[in-house]
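The structure under discussion appears below in the form of structure tokens.
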Amino acid sequence: MWPYHPDLLATPVPRYTSFPTAAEFGDIPGDAYRKALESVSGDVSLYVHIPFCEKICFYCGCNTGKAGRRQRLESYLSALHAEIDLVSSLLPRGTKVGRVAFGGGSPNAITPTDFVRLVDTLTIRFGLDDPIFSIELDPRTMTRSWAEVIGHVGIERASLGVQTFAPHCQEAIGRVQAEDSIVETVDLLRNAGVTSLNFDLMYGLPGQTRDDLLDTLQRTRVLGADRVALFGYAHVPHIVPRQRMIDDTDLPDQAERFAMAGLGYSYLATHGYVPVGFDHFARPGGDPLARAATEGRVHRNFQGFTDDAAPNLIGLGSSAISSFPHLLAQNEKNSGRYRMIASQGSLTAQRGFERSAEDGERGKAIEELLCQGRTELPEYLAADIACRLSAFTARGLASLDGNVLTMDPDGLPYARTIAALLDPYRQVSKTRFSAAV
């Protein structure tokens, strides 16, 4: 379906869930994050990070660890509650929080009781009034008690880490989960009132074939997933040491990855899903992400493509990133140091990036290009990329009409690579990213 130009995909590029990306983060002034919280203007969304899983998968690049020791879990949750108290106290009176996302790791690595206490604290401290809740879940550790809590809290959006239904691929990535556990989880969540259910899937896995991917897509559709996020596996063992457990000689090559991405897009787009950007899909009709896509209201943040238009995102928990129009601020990554700092009543965000006005213009252009496939550039930026863009315009992948940059339909798999042309930090960064497709 898509034209394959391997020379344009040779250089790894960021996923651009923020601009600048986390690769450019450095030390920020000690009071920068506090001042950002105290001067927040506009709606706020919250992201709450639970860095624990019952089982650690080989492929996973998330900041997470095993949830084996109860004392460590209790210590982390105590620090998280302390951070919630402090951060909420710094926000201007009347700040409205419209959304709360729980991610990880696996939020269901903690007990349902601990989760209810966490939601109660967030509700009281941030004055939550019927927000949109979403949660990431591990089907391998899903229980009826957790489903009951999800129904009690009123969580309507959930995302399951499925990745693949192929047993040999599950073995290769250290995520063995029976299909029955996924089916049971789907039933539990539907009965609990979840109306928007996402499946995270992956291509480019060790030993994975196109037939394996097609089978997974078919099972996903039959199970009634409302959304699908189809990601290419990023093999970066120099950054994620646990990936050394994966045999890289068994990974599909670039041409095969490209074919898999095209297969996934074609299948979902012709089997009842609206494409959202280059790797998200949603069922039309009731799903809000599908509506946002058809109405041109899609945005991009650390959770990927979203219908969340809030200008401010506050991250809570170790490694969580907060995003404000002028500042990106990341909490301490190390869980032990995070617990120590937060428990002492201090803010833990010490790294990040202070965004200039030009950063704002470039970031806006990248987001619009990835989300809507079109952006009107400032004149200086159009002139800056014109020469480097020619490799794409000459092959019918993009066009630059005056200052309007448009990604042509055949250019969709090259979206991140084209976006990288707008990123001046990418030109000099030595940090390696994932494959472009």
Side-chain angles (χ1 to χ4, degrees), residues 1-2 4-15 53-66 105-106 136 138-140 159-182 199-221 223 225 228-268 278-281 304 413-414 416-417 431-437:
M1 182 184 73
W2 289 325
Y4 179 49
H5 303 292
D7 56 307
L8 299 181
L9 299 170
T11 302
V13 290
R15 293 189 182 275
C53 293
E54 288 293 334
K55 303 173 184 177
I56 304 299
C57 307
F58 304 154
Y59 71 89
C60 182
C62 297
N63 177 46
T64 188
K66 290 195 72 171
S106 300
E136 298 174 5
D138 185 341
R140 297 171 298 178
S159 180
L160 300 184
V162 175
Q163 316 314 343
T164 177
F165 283 96
H168 64 283
C169 294
Q170 293 180 353
E171 289 277 0
I173 63 174
R175 191 185 182 90
V176 177
Q177 53 188 4
E179 183 174 355
D180 287 348
S181 70
I182 298 171
F199 277 23
D200 278 349
L201 305 179
M202 298 184 80
Y203 64 86
L205 296 172
Q208 188 180 34
T209 67
R210 295 183 210 178
D211 285 342
D212 293 331
L213 176 59
L214 184 59
D215 179 72
T216 289
L217 294 169
Q218 290 171 337
R219 293 174 189 273
T220 294
R221 177 179 59 81
L223 286 173
V228 177
L230 180 60
F231 301 119
Y233 167 59
H235 190 64
V236 285
H238 57 288
I239 299 174
V240 185
R242 64 175 69 109
Q243 291 184 350
R244 293 171 187 157
M245 298 291 291
I246 292 176
D247 181 5
D248 59 7
T249 65
D250 204 23
L251 294 171
D253 61 19
Q254 184 189 79
E256 187 60 19
R257 285 176 63 96
F258 190 88
M260 286 182 175
L263 171 65
Y265 186 94
S266 177
Y267 179 86
L268 292 169
F278 48 82
D279 58 11
H280 282 45
F281 305 84
Y414 303 88
R416 289 163 54 200
T417 304
T431 302
R432 292 186 62 187
F433 298 97
S434 60
V437 173

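All residue numbers in this chain count up from 1 along the given sequence.
- Residue Val162 comes nearest to Gln177 through the heavy atom pair O-NE2, 2.9 Å, listed as atom of the first residue, atom of the second, then distance.
- For the pair Pro139 and Arg175, the tightest heavy-atom approach, listed with the atom from each and the gap, is CD-NH2, 3.8 Å.
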*Derivation and outcome, side-chain contact (heavy atoms from CB on, under 4.5 Å), residues Ile182 and Phe199*: CA-CA 10 Å; Ile182 298 171; Phe199 277 23; 4.1 Å; yes
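- Contact of the His280 side chain with the Val228 side chain is not registered, since no non-hydrogen atoms from C-beta on lie closer than 4.5 Å.
- Residues Gln208 and Glu256 have side chains not in contact (no heavy-atom distance under 4.5 Å, counting atoms from C-beta outward).
- Other residues, nucleotides and ligands place no more than 12 heavy atoms under 6.0 Å from the CD atom of Glu171.
- Side-chain contact, Arg221 with Tyr267: a donor N or O sits under 3.5 Å from an acceptor N or O.
- The residues Asp215 and Arg219 are annotated as salt-bridged, a charged nitrogen and a carboxylate oxygen being separated by less than 4.0 angstrom.
- Side-chain contact between Thr417 and Thr11 is absent, with no heavy-atom pair separated by less than 4.5 Å.
- A distance of 5.0 Å separates OH of Tyr414 from CG of Leu9, quoted to the nearest 0.5 Å.
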_Step-by-step side-chain contact (heavy atoms from CB on, under 4.5 Å) determination, Phe231 to Leu201_ = CA-CA 6 Å; Phe231 301 119; Leu201 305 179; over 6 Å; no
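- Note: Gln243 CD to Cys57 SG = 11.5 Å, rounded to the nearest 0.5 Å.
- When all heavy atoms of Arg140 and Gly174 are compared, the closest pair comes out as NH1-O, 4.0 Å.
- In terms of heavy-atom proximity, Met260 sits nearest to Pro252 at CE-CG, 4.1 Å.
- A donor-acceptor contact shorter than 3.5 Å is absent between the side chain of Ser266 and the backbone of Leu263.
- In this structure, CG on Asp247 lies 11.5 Å from CE on Met245, to the nearest 0.5 angstrom.
- For Tyr203 (side chain) and Phe258 (main-chain N/O), no donor-acceptor pair under 3.5 Å exists by modelled atom type.
- For the atom pair CD1 of Ile246 and CZ of Phe58, the computed distance is 7.5 Å after rounding to the nearest 0.5 Å.
- Summarising the geometry, atom OG1 belonging to Thr249 is positioned 7.5 Å from atom CG belonging to Leu251; distances are rounded to the nearest 0.5 Å.
- Across all their heavy atoms, Thr164 and Gln170 have their closest contact at O-NE2, 2.9 Å.
- Looking at every heavy atom in both residues, Gly207 comes nearest to Asp212 through O-OD2, 3.6 Å.
- Under the side chain to side chain donor-acceptor pair (under 3.5 Å) criterion, Gln163 pairs with Tyr59, not counting sequence neighbours.
- From His235, atom NE2 reaches atom CG of Asp248 across 4.5 Å, with rounding to the nearest 0.5 Å.
- With sequence neighbours excluded, no residue forms a ring-ring contact (aromatic ring centres under 6.0 Å, His included) with Phe165.
- Note on ring orientation: taking the six-membered ring where Trp is involved, the planes of Tyr265 and Trp2 are tilted (angle from 30° to 60°).
- The residues Arg416 and Asp279 are annotated as not salt-bridged, no charged nitrogen and carboxylate oxygen being separated by less than 4.0 angstrom.
- Side-chain contact check for Gln254 and Tyr4: at least one donor-acceptor pair (N or O, by modelled atom type) lies under 3.5 Å.
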